[in-house]
Protein chains: 2
Amino acid sequence: MAESAQTIHAELIAVLVAVTRGVPRVLTLADGSALPEGPLEPTHRSLQAGLRAWVERQTHHPLGYVEQLYTFADQARSAEARSEGRSISISYLGLTREAAPQGAISWQDWYRYFPWEDRRSETKREPTLLEAPIRDGLARWQGRDATRRMRVANAFGLDGVAWNEELVLARYQLLYEAGLVHEAARDGRAAHGALVSGTPMAADHRRILATAISRLRAKIKYRPVVFELLAESFSLLDLQRCVEALAGQRMHKSNFRRVMEAQNLLEETGKFTSGPGRPAKLFRFREAIRAERDITDTRLPMVRT
Amino acid sequence: MAESAQTIHAELIAVLVAVTRGVPRVLTLADGSALPEGPLEPTHRSLQAGLRAWVERQTHHPLGYVEQLYTFADQARSAEARSEGRSISISYLGLTREAAPQGAISWQDWYRYFPWEDRRSETKREPTLLEAPIRDGLARWQGRDATRRMRVANAFGLDGVAWNEELVLARYQLLYEAGLVHEAARDGRAAHGALVSGTPMAADHRRILATAISRLRAKIKYRPVVFELLAESFSLLDLQRCVEALAGQRMHKSNFRRVMEAQNLLEETGKFTSGPGRPAKLFRFREAIRAERDITDTRLPMVRT
DNA sequence: TTAATTATACTCAAATTGAGTATAATGGAG
DNA sequence: CTCCATTATACTCAATTTGAGTATAATTAA
């Protein structure tokens, strides 16, 4: 590569996730239309440190788990970027607990942006149906193209393929390519039908959010990170509801329990819940697990429908 | 985040991998002591496009699969960076086939940098032993610290924990923290014993390589990316050897075969190998799989020892 | 022709997974 | 106080997947 100096502007962009009463939420600006972002400051020792400091200043809440998502640098990303030189955006996923939002910041149900990703209401006799704009729009877009047909079938679980909850980004990407989401129309793509439901976001923020959800859905299956989203002590059902909220799928209760017990991640607090029904044991995550969270494996049993 | 303009320099850094005759290789500069890197040029439309163009110009070989690894921006990353403003490095993993290197470029066996990661010679009666500097150095470093002991046991498969081939980065990181690799000494860390064997690299290149290996070892289990490393047609044993080279572990032959056949990723070419022993059927990856490579799942059976 | 070598086809037991039933312990309605 | 709705927890069982190994087939080289 030839040597070439150029001014580059670097931004951090954060997807902060919390789960409150069964709803997975994401921190947003401007009435839910954008993710929080800001320039990388010279005082920051590292990217991660910069993000942590900034988030904690904004939300007054500690940031548990942080993971880098993706770095974007497309030249056409925004008009200003083009005129004043390249801009690099480094996106992060952060897990936290919901705190009272300040100013223009608000927590939004992430399924507001991806209604088709929430399949928790599915039952055996009533399999989830994709809404008409998705079905028809994709059908029109794929036409007789074998590769497109296969991409659609795999991403959306059609033609005998099972639904894979991790393919959030692949699904959004397809809807974008088919011109079925608002952002595609905004970016001047030909539409193949009516727009699907789901709130759009500024720039490529909805794509970044899709990336974050994909990553998190994959992560919870093999790394114990959920506890960053839960209270200090919780029942097994609390834990299951939290995982289901993230995965967008219901799980089999006794099997979930069996797996969690086999993994030895939890310890009993000795206390119990109260409320309707038999009281449930309260658990906490073992201290060693918190320290070891990058190494230990976790698994989750899904329900196959 | 407060507004603050500053000059930032962005670099791309590539981990290019090929597998030749059972040896996983990585493209290096300067006699194997550094990974190829170069500044991001203004002409590049996107990061990925920039990397592709640059690599193909250097190696005269098409770059099959490309995946972003990680973006680093630690201020202390190098002395020049500190003096002339912040530098951001965006690292990539690329899969290709080995071509004749030009100039200062050379292909190196990646186990040269991580000898402890190659366990292919292990047999049931002769489990792999960690070399003395690793065992003793880590033992000295962990002392009686419970968290350290657990990290070591999990990462290196001690105390009844199984070896997990994906933890390449965690292992390198531990050796670095314990002051047992050359880079740690260079960065002024206290040593806890003799240095372990394995060639050091410039700056944090060995860490980046460890990240790449971790990612690739995880990836081959659920995404059909290996074919980017293989010739157009290959026998099942070729495929198995390639996967084993990456994973650093031997696999069970008939089970490997069973899994590969069940996944329907391959199709017979109708041709056969010649050479010693019974001729093997030659396969190729199904065309649809190449198109679908980001979506379909793959699984691999390992040998448990 | 035989031995060495590699491929391929089966078999079998152990472990894991998906799904469901039975029983226990609460609070609230009557 | 009793019954019922509700939730927790403990088991059971079959299907599938996985780990490991054996038997047989088709080559080349000696």
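Within every chain, numbering begins at 1; the chains are lettered A, B, ... in the order of the sequence lines, protein sequences first and strands thereafter.
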Nucleotide nearest [X] when distance is taken to its side chain, options [options]:
X: B:Arg278; options: C:dA9, D:dT9, D:dA25; answer: D:dA25
X: A:His252; options: C:dG20, D:dT7, C:dT8; answer: C:dG20
X: A:Arg257; options: C:dT5, C:dG20, D:dA8; answer: D:dA8
X: B:Leu236; options: D:dA20, C:dT8, D:dT7; answer: C:dT8
X: B:Ser254; options: C:dT6, D:dA8, C:dC10; answer: C:dC10

Take the protein atom [atom1] of [X] and the nucleotide atom [atom2] of [N], then report the distance between them rounded to whole Å.
X: B:Lys281; N: C:dT6; atom1: NZ; atom2: P; answer: 19 Å
X: A:Asn255; N: D:dT12; atom1: CG; atom2: C1'; answer: 12 Å
X: A:Met260; N: D:dA8; atom1: CE; atom2: P; answer: 15 Å
X: B:Phe283; N: C:dA7; atom1: CZ; atom2: C1'; answer: 10 Å
X: B:Met251; N: D:dT18; atom1: CE; atom2: P; answer: 14 Å
X: A:Glu268; N: D:dT9; atom1: CD; atom2: C1'; answer: 12 Å
X: A:Lys271; N: D:dA8; atom1: NZ; atom2: C1'; answer: 20 Å
X: A:Gln240; N: D:dT9; atom1: CD; atom2: P; answer: 12 Å

Answer yes when B:Glu117 and B:Arg171 have at least one side-chain N-carboxylate O distance shorter than 4.0 Å, and no when they do not.
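A salt bridge is present here (some side-chain N lies under 4.0 Å from a carboxylate O).
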Go through the N and O atoms of the side chain of A:Ser274 and the base of C:dG27, and report whether any donor-acceptor pair is under 3.5 Å.
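No.
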Presence of donor-acceptor pair under 3.5 Å, side chain of B:Arg258 and base of D:dG19:
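Yes.
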Within the pair B:Lys253 and C:dA7, is there a side-chain N or O less than 4.0 Å away from OP1 or OP2?
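Yes, because at least one side-chain N or O of B:Lys253 sits under 4.0 Å from OP1 or OP2 of C:dA7.
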Check whether any side-chain heavy atom of B:Phe285 lies under 4.5 Å from a side-chain heavy atom of B:Glu232, and answer yes or no.
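Of all side-chain heavy-atom pairs linking B:Glu232 with B:Phe285, none is under 4.5 Å.
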In sequence, state the C-alpha distance, the side-chain angles, and the governing distance for A:Glu165 and A:Trp163, and then conclude on side chain to side chain contact (heavy atoms under 4.5 Å, CB included).
CA-CA 6 Å; A:Glu165 81 284 354; A:Trp163 175 267; 4.0 Å; yes
Should the pair A:Arg97 and A:Trp107 be classed as cation-pi, given the thresholds of under 6.0 Å to the six-membered ring centre and 45° from the axis?
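A:Arg97 over A:Trp107 ring: no.
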With a 6.0 Å cut-off on ring centres, are A:Tyr65 and A:Phe227 close enough?
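Between A:Tyr65 and A:Phe227, the centre distance exceeds or equals 6.0 Å.
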